[in-house]
Asker: 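Below you'll find the structure I mean.
Quantities reported herein were computed from a predicted structural model and do not represent experimental measurements.
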Protein chains: 2
Amino acid sequence: MARRPRNNGSLQELADRLHSAAIHILRLLRGQDSKTGIGPAQLSALSVIVFAGPISLKDLAGAEQVKAPTMSRIVDALQRAGLVNRLADRQDRRAVLIRATPKGTALLHKGRKRRVEFLASYLERLNYGELKEIEKALKAVQEALQRSPSVNIDRP
Amino acid sequence: MARRPRNNGSLQELADRLHSAAIHILRLLRGQDSKTGIGPAQLSALSVIVFAGPISLKDLAGAEQVKAPTMSRIVDALQRAGLVNRLADRQDRRAVLIRATPKGTALLHKGRKRRVEFLASYLERLNYGELKEIEKALKAVQEALQRSPSVNIDRP
DNA sequence: GGAAATAATTAGCTTAGCTAATTATGGCTC
DNA sequence: GAGCCATAATTAGCTAAGCTAATTATTTCC
């Protein structure tokens, strides 16, 4: 562990600025999501389902930090829209697995592409050195956040 | 504008990773907000009100990317909780200004401090060089996002 | 001065958060 | 093996928060 000349005030200031940047980025990208035709909660849940593969309702609720009844409802809506299916879990008949349909998967990938392209259009104005710095910083941030690698899924 | 050896695919990949990092950070910090006692939409609106000072309902709705009736309701709830006041706007009698109470301001600052301290606790595991890289990258990101400096307020 | 535009609010609907209650299944102890 | 407790999902009821439509009051423009 390297020596750290930064005092706690500066570390907090850096945390503050990182926090602000994250908010700013996501606020910027939020506008792109209306084109998916589903709301934030459904899109977020769909993202987990697509990236994690079939997942129990319980685990999905946990990943989204909501209770099971809430997630049951969100899944209802996704199912009605033809974006996910509910499957019986052979290992545990109390459980149900939620799986994305091809339609759901396509919708999610399209939405994500839209966000990424939009953000890239902002990053384009930076030079090579700046982009390189962002790349390095992202590695550091990823490392810092790796306290619990159990759920490593990003969502919109 | 410096020469840029990065092709569009790599720029998109960087955007994708920046996007993911932003999501990851905010998802991490979200858990701290329940201690404020108000929900995400109210906390976000309160943050704008506190940092921007008294603001019209219309502008607040715009800043939060919701319609006026929605924001009217959110402000109703904040007012009931004693966190904001509605004032007549002397310049335009159609308008109403929303101002944070001392109680609202205190709640917001406490919540923000909680988030920042939590994030700082993760950043603590990084060394000086890594922190410096994050600092530089944040400058670059800030520059990239500065297309519309009109609303430069960060919210939870 | 009058018509059109604008700001805020209310009503009605849907989505999404919670807790409480219920039903079926799984695990553990005797 | 039986019974009890824990667990997973769903439903019901409530509140919060998103939208559109409608209304009222004020401002702006011709």
Asker: Can you name the one residue among B:Leu145, B:Leu14, B:Leu11 that meets side chain to side chain contact (heavy atoms under 4.5 Å, CB included) with A:Leu119?
Answerer: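 Single pass found, and it is B:Leu145.
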Asker: Hey, does the side chain of A:Gln42 come within less than 4.0 Å of C:dA16's phosphate (OP1/OP2), counting only N and O?
Answerer: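 Result: yes.
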Asker: Separation of B:Arg94 atom CZ from C:dA5 atom C1', in whole Å?
Answerer: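 After rounding, the reported distance stands at 8 Å.
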Asker: In this structure, how many angstroms lie between the C1' atom of C:dA16 and the CE atom of A:Met71, rounded?
Answerer: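 Distance, rounded to whole Å: 10 Å.
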Asker: Taking the minimum atom-to-atom distance to the side chain of B:Ala41, which one of D:dA17, D:dT10, C:dA16 wins?
Answerer: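 The answer is D:dA17, which lies nearest to the side chain.
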Asker: Measure from CD1 on A:Ile55 to P on D:dA9 and round the result to the nearest Å.
Answerer: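 Checked: the CD1 to P distance equals 10 Å.
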Asker: May I ask you to check whether A:Thr36 and A:Asp33 show a side-chain donor-acceptor distance below 3.5 Å?
Answerer: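 There is no such pair between these side chains.
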Asker: What is the distance from CD1 of A:Ile74 to P of D:dT10, rounded to the nearest Å?
Answerer: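 Computing the A:Ile74:CD1 to D:dT10:P distance gives 13 Å.
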Asker: Can you confirm whether more than 12 heavy atoms, excluding those of A:Arg86, are under 6.0 Å from its CZ atom?
Answerer: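 Atom CZ in A:Arg86 is packed in, count exceeds 12.
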Asker: What is the distance, rounded to the nearest whole Å, between atom CD of A:Gln91 and atom P of C:dG26?
Answerer: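 Checked: the CD to P distance equals 11 Å.
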Asker: Once you round it to whole Å, what is the distance between C1' of C:dA11 and NZ of B:Lys67?
Answerer: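 Nearest whole value for this atom pair: 18 Å.
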Asker: May I ask you to say what B:Asp89 touches in the nucleic acid, namely base, sugar-phosphate or nothing, with a heavy-atom cut-off under 4.0 Å?
Answerer: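 Contact class for B:Asp89: none.
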Asker: Provide, to the nearest angstrom, the distance between the NZ atom belonging to B:Lys58 and the P atom belonging to C:dA5.
Answerer: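 One finds 15 Å between P of C:dA5 and NZ of B:Lys58, rounded.
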Asker: By nearest atom, which of the nucleotides D:dT11, C:dA8, D:dA21 is closest to the B:Ala95 side chain?
Answerer: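 Ranking D:dT11, C:dA8, D:dA21 by closest atom to the B:Ala95 side chain puts C:dA8 first.
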Asker: Indicate whether the side chain of B:Arg99 and that of B:Thr105 have a donor and an acceptor atom separated by less than 3.5 Å.
Answerer: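 The criterion, which ignores hydrogens and geometry beyond distance, is not satisfied for B:Thr105 and B:Arg99.
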Asker: B:Arg93 or A:Leu57: which one's nearest nucleotide on DNA chain D is closer to the 5' end?
Answerer: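 Per heavy-atom nearest nucleotide, the more 5' residue is A:Leu57.
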Asker: Quick one: is A:Ser72 getting a side-chain N or O under 4.0 Å of the D:dT10 phosphate, OP1 or OP2?
Answerer: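 Yes, such a contact exists.
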Asker: Please check this pair: side chain of A:Ser121 against backbone of A:Phe118, looking for a donor-acceptor N/O pair closer than 3.5 Å.
Answerer: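 Looks like yes, one N/O pair under 3.5 Å.
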Asker: Assuming nearest nucleotide by heavy-atom distance, tell me which of A:Asp92 and A:Ala77 is located more 5' along DNA chain C.
Answerer: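 The answer here is A:Ala77.
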Asker: Please report the distance, rounded to the nearest Å, between CG in A:Leu97 and P in D:dT10.
Answerer: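 In whole Å, D:dT10 P lies 11 Å from A:Leu97 CG.
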Asker: Using only modelled atom types and a 3.5 angstrom limit, is any donor from either the side chain of B:Arg73 or the base of C:dG12 paired with an acceptor on the other?
Answerer: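 Counting by modelled atom types and ignoring angles, a donor-acceptor contact under 3.5 Å is found here.
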Asker: The side chain of A:Val66 is closest to which nucleotide in this list: D:dA17, C:dC18, D:dT20?
Answerer: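 The nucleotide sitting nearest to the side chain is C:dC18.
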Asker: Students often get this wrong, so: under 4.0 angstrom with heavy atoms, is A:Ala68 touching a base, only sugar-phosphate, or nothing?
Answerer: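 Here A:Ala68 touches the bases of the nucleic acid.
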